[in-house]
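Written below as structure tokens is the structure these notes are about.
Counting begins at 1 with the first residue of the sequence. As a basis for the values below, the full set of heavy atoms in this structure was taken, side chains included, without hydrogen atoms, waters or symmetry mates.
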Amino acid sequence: MQISARGDYAVRAALSLAAAYPSLMSAQAIAHEQDMPRKFLEAVLADLRRAGIVRAQRGAEGGYTLAQTPREITIGSILRAVDGPLAGVRGLRPEETKYEGAAENLPRLWVAVRAAVREVVDEVSLAEMVTGKMPAHVRKLTTRPDAWEPR
């Protein structure tokens, strides 16, 4: 799975908002805290607003806040809001792929890959990320001997 810069920025911005929840944060404050370009961040925040993940308040005391509690927002929902479906194969959803011959069973693998990704990103909330208390099955994945090793 490849996490885009947009997805990474969206999750990081949402984590800043989760840590400040229910207070408002300006785009400038988030950009400074997370060391990201403000203009790009504003585009990402607009995507999150359209998806109903963040609310914006205008004015001198304005800023952004989460539209729901940090416990109710998953990492997966944020990634989908800015990048679309979690798993794609040449622009298709895994279940839409079809192959002939030796590759005929490949759609099952693509669906399994998507399911594995969902098992992590759809089951970890912003609140869990802020506290570092992720679900046990996700924590266990990080303790595998090769988890931190590149391949």
Side-chain angles (χ1 to χ4, degrees), residues 1-96 108-151:
M1 175 179 187
Q2 182 73 26
I3 306 294
S4 71
R6 193 172 198 85
D8 178 59
Y9 282 18
V11 171
R12 290 168 49 204
L15 287 168
S16 289
L17 292 172
Y21 186 80
S23 299
L24 296 170
M25 281 186 83
S26 69
Q28 182 63 36
I30 297 168
H32 179 74
E33 178 181 298
Q34 293 297 324
D35 190 27
M36 57 180 73
R38 186 177 56 83
K39 286 292 185 192
F40 189 61
L41 172 63
E42 287 173 349
V44 168
L45 289 168
D47 287 343
L48 294 175
R49 185 181 49 75
R50 280 189 290 278
I53 293 172
V54 302
R55 285 187 304 108
Q57 181 175 314
R58 295 178 183 250
E61 300 297 316
Y64 295 88
T65 189
L66 297 175
Q68 299 173 297
T69 68
R71 199 172 25 260
E72 297 172 293
I73 301 171
T74 66
I75 302 303
S77 65
I78 295 164
L79 293 173
R80 284 185 192 90
V82 297
D83 284 335
L86 294 176
V89 181
R90 297 178 293 111
L92 299 172
R93 293 179 180 270
E95 71 277 7
E96 295 171 336
R108 285 191 198 132
L109 179 68
W110 298 152
V111 168
V113 168
R114 179 180 61 190
V117 170
R118 284 177 175 173
E119 213 170 313
V120 175
V121 298
D122 285 344
E123 296 183 25
V124 177
S125 72
L126 290 174
E128 291 165 324
M129 287 303 306
V130 168
T131 64
K133 296 179 182 174
M134 293 184 287
H137 73 279
V138 176
R139 278 194 324 270
K140 185 177 178 182
L141 291 170
T142 67
T143 63
R144 289 183 178 174
D146 65 342
W148 296 87
E149 300 296 321
R151 284 192 190 176

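When every heavy atom of Ala27 is checked against every heavy atom of Leu41, the shortest pair comes out as O-CD2, 3.3 Å. The minimum heavy-atom distance between Leu45 and Val54, with the atom names listed, is O-CG2, 3.7 Å. When every heavy atom of Gln68 is checked against every heavy atom of Tyr21, the shortest pair comes out as O-CE1, 3.6 Å. For Ala19 against Val130, the heavy-atom pair with the smallest separation is N-CG2, 4.1 Å. Across all their heavy atoms, Ala51 and Ala81 have their closest contact at CB-CB, 3.5 Å.
For Asp35, the CG atom is loosely surrounded, since the number of other residues' heavy atoms within 6.0 Å does not exceed 12.
Atom CD1 of Ile78 is separated from atom CZ of Arg6 by 14.0 Å, given to the nearest 0.5 angstrom. Considering CD1 of Ile30 and CE of Met36, their distance stands at 8.0 Å, rounded to 0.5 Å. Summarising the geometry, atom CG belonging to Leu141 is positioned 9.0 Å from atom CE belonging to Met134; distances are rounded to the nearest 0.5 Å. With values rounded to the nearest 0.5 angstrom, Glu42 atom CD is found 11.5 Å from Arg49 atom CZ. Interatomic distance, OG of Ser77 versus CG of Leu126, reported as 7.0 Å (0.5 Å rounding). Residue Arg114 holds its CZ atom at 12.5 Å from CG of Leu109, rounded to the nearest 0.5 Å.
At distances below 3.5 Å, at least one donor-acceptor pair connects side-chain atoms of Thr131 with backbone N or O atoms of Ala127. In this structure, the side chain of Glu123 does not engage the main chain of Val120 through any donor-acceptor pair within 3.5 Å. At distances below 3.5 Å, not a single donor-acceptor pair connects side-chain atoms of Trp110 with backbone N or O atoms of Glu95. A donor-acceptor pair is defined here as one N or O able to donate and one able to accept, closer than 3.5 Å; no such pair exists between the side chain of Thr65 and the backbone of Leu24. Under the 3.5 Å distance criterion, the side-chain polar atoms of Glu128 are matched with a main-chain donor or acceptor of Ser125.
Residues Arg55 and Leu66 have side chains not in contact (no heavy-atom distance under 4.5 Å, counting atoms from C-beta outward). By the 4.5 Å heavy-atom criterion applied to side chains, Ser4 and Tyr9 are not counted as neighbours. In this structure the side chain of Val124 never reaches within 4.5 angstrom of the side chain of Thr74, judged on heavy atoms.
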Exercise. Please test Tyr64 against Gln57 for side chain to side chain contact (heavy atoms under 4.5 Å, CB included), starting from the C-alpha separation and ending with a verdict.
Key: CA-CA 6 Å; Tyr64 295 88; Gln57 181 175 314; over 6 Å; no

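For residues 66-89, the salt bridge (Lys or Arg N to Asp or Glu O under 4.0 Å) pairs, not counting sequence neighbours, are Arg80-Asp122.
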